[in-house]
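Report on one structure; see the data block that follows.
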There are 2 protein chains.
Amino acid sequence: MVYYRSMATAETAAAAGASELDRVFGALSDPTRRRIVSRLSHGEATLTELAEPFDLTMPGLSKHVSVLEDAGIVHKWRVGRSRYCRLIPERLQEADEWIQTQTAFWNQRLDGLQNYLEGEDQ
Amino acid sequence: MVYYRSMATAETAAAAGASELDRVFGALSDPTRRRIVSRLSHGEATLTELAEPFDLTMPGLSKHVSVLEDAGIVHKWRVGRSRYCRLIPERLQEADEWIQTQTAFWNQRLDGLQNYLEGEDQ
DNA sequence: GGTTTAGTAAACCATATGGTATACTATCGA
DNA sequence: TCGATAGTATACCATATGGTTTACTAAACC
């Protein structure tokens, strides 16, 4: 089941120099943007709906959403004069996998160390 | 069907300064620091060992490691005139869990939508 | 003791970031 | 058509960031 395609934002963002993971982690490093992601994880929303819980001007909110869009975390489209947003989980999952890979290596190494200390490795 | 409610979750805890997740995600948003984490996921290293693959001055490398340290991702200690670093996986796993929570909510919602479309929900 | 090695501290620079205000475009409703 | 609504564009500001160079401290080696 395909929920979206094409991702025009990924191309424009790639031209800007920073890598995909740079932008994803960078986007998540701001608490306002994490709250936006949290909100969107529960369903689509317009920009004004997103702005509501924040003490932020519309241009400010709009810029945050653009950062999420450039990171490929959020897809935005137009309905009348409103802009709707929804989450794109794939990029988030790539970031997730990167972290898991690192911690897996580390834990594997610790397991090896423990085996060694227990003499099971010799 | 209600897709979300309120979301005053962990944000109240992050009242002052940069929160833990801010620093963890911010630390991972730089490619040099991700390479350092990758290196450390395979085992401890001194700062000079860490610096070796990079085209970076020592002060530059040292500052990157400090960022990882402030984020709680890396522990640093002294042996003679060397500084050793090792990974602290716990903070990384917290970041991991945050992402998983968001994508889980989203996928859950999509499952609900699919059930609805297949008529299993009525 | 003197020199090299490992790293930190401080000052500095260019650019990025998060925020604002103001002006603008486009759509909806009366 | 006219005004309100939804959002973008642009310009601007203060601070943060990634990087440098130049000192400096502390341990190791001869």
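Heavy atoms only: backbone and side chains are in, while hydrogens, waters and symmetry mates are out. In what follows, every chain begins at residue 1, and chains take the letters A, B, ... in the order their sequences are listed.
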ask   = How would you list, by chain and number, every residue that makes a ring pair (Phe, Tyr, Trp, His ring centres under 6.0 Å) with B/Tyr84, sequence neighbours excluded?
value = B/Trp77
ask   = Do B/Phe25 and B/Ile88 belong together in a cluster built from hydrophobic side chains that touch within less than 4.5 Å?
value = no
message = Applying side-chain contact (heavy atoms from CB on, under 4.5 Å) to B/Leu28 and A/Leu28, what does each step give before you reach the verdict?
response = CA-CA 10 Å; B/Leu28 296 181; A/Leu28 297 181; over 6 Å; no
Residues clustering with A/Phe105 (ILVMFWY side chains joined when closer than 4.5 Å, directly or via others) = none
note = The complete set of side chain to side chain donor-acceptor pair (under 3.5 Å) pairs with one or both residues in residues 38-55 of chain B, sequence neighbours excluded, reads A/Gln102-B/Ser38, A/Gln102-B/Ser41, B/Thr46-B/Thr48
key: Close residues, residues 24-48 of chain B, relative to DNA chain C [heavy-atom separation under 4.0 Å]   = B/Thr46, B/Leu47, B/Thr48
ask   = Is the shortest heavy-atom distance from the side chain of A/Thr101 to the side chain of A/Trp106 under 4.5 Å?
value = no
query = Who are the side-chain contact (heavy atoms from CB on, under 4.5 Å) partners of B/Pro31, not counting sequence neighbours?
reply = A/Asp22, B/Arg34
key: Pairwise side chain to side chain donor-acceptor pair (under 3.5 Å) hits with a residue in residues 58-73 of chain B, at least two apart   = B/Arg33-B/His64, B/Glu69-B/Lys76
ask   = Which residues in residues 51-73 of chain B have at least one heavy atom lying under 4.0 Å from any atom of DNA chain D?
value = B/Leu56, B/Thr57, B/Pro59, B/Gly60, B/Lys63, B/His64
query = Where is the tightest heavy-atom contact between A/Gly26 and B/Ser29, given as atom of each residue plus distance?
reply = N-CB, 3.4 Å
note = Min and max contacting nt of DNA chain C in 5' to 3' order, chain A heavy atoms within under 4.0 angstrom, are C/dG18 to C/dC28
request  = List the atom of A/Ala71, the atom of A/Val24, and the distance in Å for their closest heavy-atom pair.
outcome  = O-CG2, 3.6 Å
A/Asn107 side chain to A/Thr103 backbone, donor-acceptor under 3.5 Å = yes
ask   = In the 5'-to-3' direction, what one-character label does each nucleotide of nucleotides 25-30 of chain D receive under the scheme B = base within less than 4.0 Å of a protein heavy atom, S = sugar-phosphate only, - = no such atom?
value = -SBS--
task = For A/Glu94, check salt bridge (Lys or Arg N to Asp or Glu O under 4.0 Å) against everything at least two apart and list the hits.
result = A/Arg91
